[in-house]
Amino acid sequence: MKEIRFHGRGGQGAVTAAEMIAIAAFEDGRFSQAFPAFGVERRGAPVMAFARINDKPIRMRSQVYEPDYVIVQDVTLLDVVDVTGGLKSDGKIIINTDRDASALKLNTEAEVVTIDATRIAIDTLGRPIVNTTMLGAFCGATKEVKLESLEKSILTRFSGSLGEKNIQAVRTAYERVVR
Amino acid sequence: MEKLLAPGHRACAGCSMPTVINLVLDAAGPNTIVATPTGCIEVTTTPYPESAWRVPWIHSLFENAAAVASGIEAALNHFGKNHNVFVIAGDGSTLDIGMGCISGMFDRGHNVKYVCYDNEAYMNTGVQRSSSTPPCTSTTTTPSGKVSFGNPRPKKDMPAIAVAHRVPYVATASVAYPVDLRRKVKRAISIPGPAYIQVNAPCITGWSFEAGTTVEIARLAVETCLWPLYEYVNGELAGVKKIHVKRPVEDYLKAQGRYRHLFRMKGGDEMIRVLQRLADENARKFGLLYEGDVTCTSGE
Amino acid sequence: MKMIAKEEMSLKERMARMKVVEGSYAVAHAVKCCAPDVISAYPITPQTHIVEHLSQFVADGELDSEFLTVDSEFSAMSSLVGASAAGARCYSSTTSQGLALMWEVLYNAAGMRLPIVMTVANRALSAPLNIWNDQQDSVGARDSGWIQLYAEDVQEAADAIPQAYKIAEDPEILTPVMVCMDGFILTHVYEPVELLSVKDVERFLPPYRPEHILDPENPKTFGAFADPSYFTELRYMQWDAHRRALSKIETVAREFAEQFGRWYGGLIDTYHADDAEVIIVTMGSVIGTIKDCIDDIRSEGLKVGLVKIRSYRPFPTEAVRRALKDAEVVAVIEKDVTVGNEGALLTDLKAALYNTPTRVPVIGFPAGLGGRDITVRDIRRVVDRAIAARDRGIEAEMEFLSLREDLL
Amino acid sequence: MKITVAALTEPGSTIVNKTGAWRTFVPVVNHKRCIKCSLCEIYCPEGCIHQIDGLFVPDLDYCKGCGVCAHECPRKAIDMVLEEK
């Protein structure tokens with residue numbers, strides 16, 4: 001089972017991102033689960049969401065304490081939240097920043113992937129909403145879900161030209177980090 | 001003709017409430033469903049395994065009759081059935097504990113006709129003050145005493161609250177004016193949406209008056225202008241019952257044990273003047289008097 | 001019986017019918033398939049999404065229900081008393097303070113034998129104010145006369161809705177049903193669910209045809225008052241209907257399994273309980289975590305099993321007696337506590353065992369209160385405590401799980 | 001009578017309860033004075049004054065003897081008389 005933790009700020013769509021990964025993984029023929037760290041946080045406050053992906057039905061209901069992957073939608077959270085807490089040493093953390101991984105000096109043995117998702121989002125969507133862009137980066141960095149499944153999942157949420165733009169953002173981010 | 005409220009009920013001898021119910025049901029007819037909250041009505045008309053009601057009737061709780069009626073109306077709407085839905089409730093369940101549910105029912109605009117029989121206190125539990133109790137009234141929770149003239153507060157203006165909810169038809173009525181009451185019930189039914197009718201309904205036990213005088217007491221309330229009869233249609237005052245001879249409030253007060261202290265206590269006369277001013281204000285506000293009519297002196 | 005159709009149908013086939021949706025959506029969708037005539041509800045976290053989805057179904061013309069946007073939970077349940085008496089199939093959902101505000105009406109709806117169905121998105125009761133999950137709300141309503149079913153996952157919470165109507169509306173039962181699902185944990189999770197269809201539910205659930213309604217053609221009196229010469233018998237009849245519900249709940253679960261191929265247990269369900277030395281008894285969403293844990297612990301050699309309480313009211317006394325008779329120790333995990341005594345389920349369970357030859361030690365753990373996460377480590381601690389109680393005797397009959405002693 | 005589910009009750013079934021036994025004074029109608037205004041029938045709290053063959057007659061099975069009819073009669077055609085039982 002793979003476990004994913006999302007860090008974002010209220011209004012940045014971290015919960016939606018977790019849902020879209022769950023939908024994409026299920027599209028791939030795997031079982032999935034997504035849920036927010038339930039709270040009363042308002043717009044701008046640090047928030048978390050979780051997702052699980054497994055080859056068999058998922059029964060576990062506790063929160064995620066030792067994630068395989070961490071997605072950080074806002075680099076300023078690094079100062080206020082322990083984003084690497086519990087992250088598995090063979091895991092990955094994907095951070096939205098224009099800086100290099102080495103410059104972040106994160107306390108983790110896991111691989112650190114950085115992407116300037118805010119720039120991509122502004123260029124493609126015209127707004128700094130990075131949740132879909134970050135999913136593209138996650139997809140490229142981990143291959144945990146198929147890109148086409150992710151795109152399908154995003155189109156269930158965004159239709160028309162907004163959907164198209166989100167797909168473009170996802171692909172751009174994917175290309176940047178895929179190897 | 002057989003009444004829609006059957007005899008054999010356990011209301012006090014001389015109670016006005018069964019008369020109010022029968023007047024309402026006379027006007028509404030048998031195609032009517034009634035919801036009633038806990039109170040004298042429920043206790044006196046439906047002791048299991050008997051019921052006085054010849055129309056479908058439901059009691060749920062003390063404070064929820066308006067919500068229960070909302071649900072009935074919603075179900076009837078859904079099934080495309082066309083029956084009158086009435087609440088017949090006392091003043092305690094209407095002006096006090098049931099206010100939230102009533103406000104919701106008014107606000108949602110249910111086609112429910114709400115009739116409050118107002119006996120101005122909690123009679124079912126033994127004459128405790130309600131927010132419909134008039135000032136200077138002695139009740140068991142606002143008794144007159146060495147330093148008290150009884151209830152210190154004015155009567156809550158529930159018809160005005162109904163008007164403020166944009167209830168399309170709001171009226172007051174009296175058991176002493178049966179033709180007027182039946183007309184108002186029919187008018188309420190003819191106007192779609194919620195309606196509110198508050199009926200002055202003397203309680204022989206709680207008000208403590210002489211046997212047989214129930215209707216006369218109610219008539220005095222109207223003739224003194226302490227109980228103005230009026231109708232609001234779509235927020236506008238649409239009619240009042242004019243008074244030919246306005247009686248002084250003493251005529252009404254002295255007939256009832258609940259005001260006995262006003263005639264015995266030092267300073268009671270000042271309280272009577274306060275009540276007279278309330279009556280005069282009603283007469284002025286609603287235009288209850290004919291041009292040139294006289295105010296009668298006490299007794300005549 | 002147990003796994004019936006589940007095994008017959010491959011996982012792949014089931015997946016083809018699944019969709020990843022939010023728990024609240026799955027429940028609202030199930031409600032839609034039951035086509036209630038009147039819905040009345042008041043928004044309260046974490047139940048809100050259910051009524052929002054239902055409102056949307058109504059707004060989109062997918063659901064032909066009267067939807068009452070009432071002024072309070074009290075009015076919500078009160079209006080359903082009226083609607084149900086007028087012959088409508090009725091639905092509401094609430095949680096926590098909202099359920100508490102309905103309190104008086106809960107007893108009334110049950111006593112008037114109105115087959116209303118309500119989802120309770122379980123949440124803690126204040127004070128202090130807390131919007132997170134535990135089951136104090138519905139457990140506190142256990143004596144209200146409602147049948148209470150507790151769901152383990154989203155699929156069960158949704159599938160329980162048509163089952164609840166079938167149980168509630170049975171002329172032999174005529175008792176309202178609460179379907180309890182853990183707030184947030186199940187209401188807000190996205191996971192694959194087989195959504196019901198109107199056609200299938202129509203085949204499963206007969207239309208609601210009450211014998212007596214508020215009807216001028218046959219003007220019955222509902223809600224008469226009963227003095228001491230009748231009250232006991234009227235209560236007895238409610239109690240007796242719950243007794244009949246014991247078999248009805250099982251039957252309906254079986255009928256559902258036969259038609260839909262999904263089984264969650266009838267009154268109870270078990271997981272590796274047959275040969276278990278240690279049996280955990282619990283209800284609600286923590287069951288999934290416990291099942292994973294049981295697999296791990298069993299692979300280490302210890303025989304641990306689970307008894308899931310699906311029907312808390314009526315309480316499945318005979319079923320738990322049978323399920324626990326060979327256990328060496330029983331540990332109850334429950335998301336409630338009776339202040340002044342112990343966990344409610346712990347008390348009920350011990351009471352069920354008392355007049356039997358079974359003399360198994362039973363210990364209890366209030367857990368997950370006010371949303372405290374119940375982790376794998378917590379479950380292991382419960383099992384350790386249970387083993388200790390078996391081997392060395394009971395030290396404490398009840399212990400608050402994961403109590404932060406450092407704060408005390 | 002067997003108890004009914006949810007205490008459902010038949011319409012008008014209070015008629016088995018003969019409240020006439022409550023009475024101390026009994027209304028005696030002087031039909032010669034009666035102008036058939038029907039106010040007694042309207043105001044009677046028991047709804048038990050009926051017009052029979054044109055005459056207004058209280059049903060003494062239910063009349064509680066409250067005296068409202070006598071008090072309201074505009075022609076004073078009804079007297080309340082101490083009932084001999």
Side-chain angles (χ1 to χ4, degrees), chain B residues 4 28-38 42-79 81-85 87 97-108 110 112, chain C residues 35-40 42 64-90 92 101-109 111-112 114 116 210 212-227 229-231 233-234:
Chain B
L4 289 171
N31 186 28
T32 299
I33 297 171
V34 177
T36 293
T38 313
E42 182 245 350
V43 170
T44 59
T45 64
T46 67
Y48 186 80
E50 297 164 20
S51 170
W53 297 83
R54 289 178 171 134
V55 292
W57 180 91
I58 184 169
H59 157 258
S60 170
L61 296 167
F62 191 15
E63 66 276 41
N64 71 353
V68 170
S70 301
I72 295 168
E73 188 252 15
L76 296 180
N77 268 348
H78 186 73
F79 297 134
K81 292 180 182 172
N82 188 23
H83 310 308
N84 303 316
V85 180
V87 174
I97 199 167
M99 273 295 275
C101 290
I102 293 168
S103 178
M105 184 273 277
F106 286 167
D107 167 59
R108 292 186 300 273
H110 291 279
V112 170
Chain C
D37 303 300
V38 179
I39 300 170
S40 187
Y42 189 79
D64 177 24
S65 295
E66 302 290 320
F67 187 101
L68 301 186
T69 53
V70 280
D71 44 280
S72 69
E73 288 88 354
F74 180 81
S75 277
M77 188 46 65
S78 295
S79 58
L80 293 189
V81 165
S84 184
R89 178 176 283 169
C90 295
S92 189
L101 189 54
M102 282 183 187
W103 197 258
E104 196 185 2
V105 205
L106 293 180
Y107 278 77
N108 200 251
M112 291 177 81
L114 301 170
I116 298 162
H212 299 291
I213 60 168
L214 291 167
D215 177 12
E217 292 291 310
N218 183 15
K220 297 272 183 183
T221 284
F222 286 64
F225 88 93
D227 70 10
S229 38
Y230 297 101
F231 189 86
E233 287 68 30
L234 289 159

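So that the names make sense, note that chain A is the first sequence line, chain B the second, and so on, each numbered from 1.
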Once you round to the nearest 0.5 Å, how far does CD of B:E73 lie from OG of C:S79? 11.0 Å
Out of curiosity, B:L76 CG to B:I33 CD1, how far, rounded to the nearest 0.5 Å? 4.5 Å
Below 4.5 Å, heavy-atom pairs only: which of C:V38, C:N108, C:V70 has the largest tally toward chain B? C:N108
Only pairs of heavy atoms separated by less than 4.5 Å count here; which of C:D64, C:L80, C:D227 has the most with chain B? C:D64
Using non-hydrogen atoms and a 4.5 Å limit, figure out which bit of [X] sits close to chain B: side chain, backbone, both or neither.
| X | value |
| --- | --- |
| C:S75 | both |
| C:T221 | both |
| C:F225 | both |
| C:N218 | neither |
| C:S65 | backbone |

Who are the side-chain contact (heavy atoms from CB on, under 4.5 Å) partners of B:T38, not counting sequence neighbours? B:E42, B:H59, B:F62
With B:I72, which of B:V87, B:N77, B:V85, B:V112 fulfils side-chain contact (heavy atoms from CB on, under 4.5 Å)? B:V85
Among [options], residue most engaged with chain C (heavy-atom pairs, under 4.5 Å):
| options | result |
| --- | --- |
| B:N31, B:V43, B:D107 | B:V43 |
| B:E63, B:E50, B:H110, B:R54 | B:E63 |
| B:S60, B:A65, B:G104, B:A35 | B:S60 |
| B:P47, B:A52, B:S70 | B:P47 |

Below 4.5 Å from any heavy atom of chain C, which atoms of B:H78 appear? Answer side chain, backbone, both or neither. both
Partners of C:F67 by ring pair (Phe, Tyr, Trp, His ring centres under 6.0 Å), sequence neighbours excluded? none
Just checking C:F231: does its CZ atom have more than 12 heavy atoms from other residues, nucleotides or ligands closer to it than 6.0 angstrom? no
Under 3.5 Å, is there a donor-acceptor pair between the B:T45 and B:W53 side chains? yes
Quick check against the 3.5 Å criterion: does B:N64 have a side-chain atom that pairs as donor or acceptor with the backbone of C:S78? no
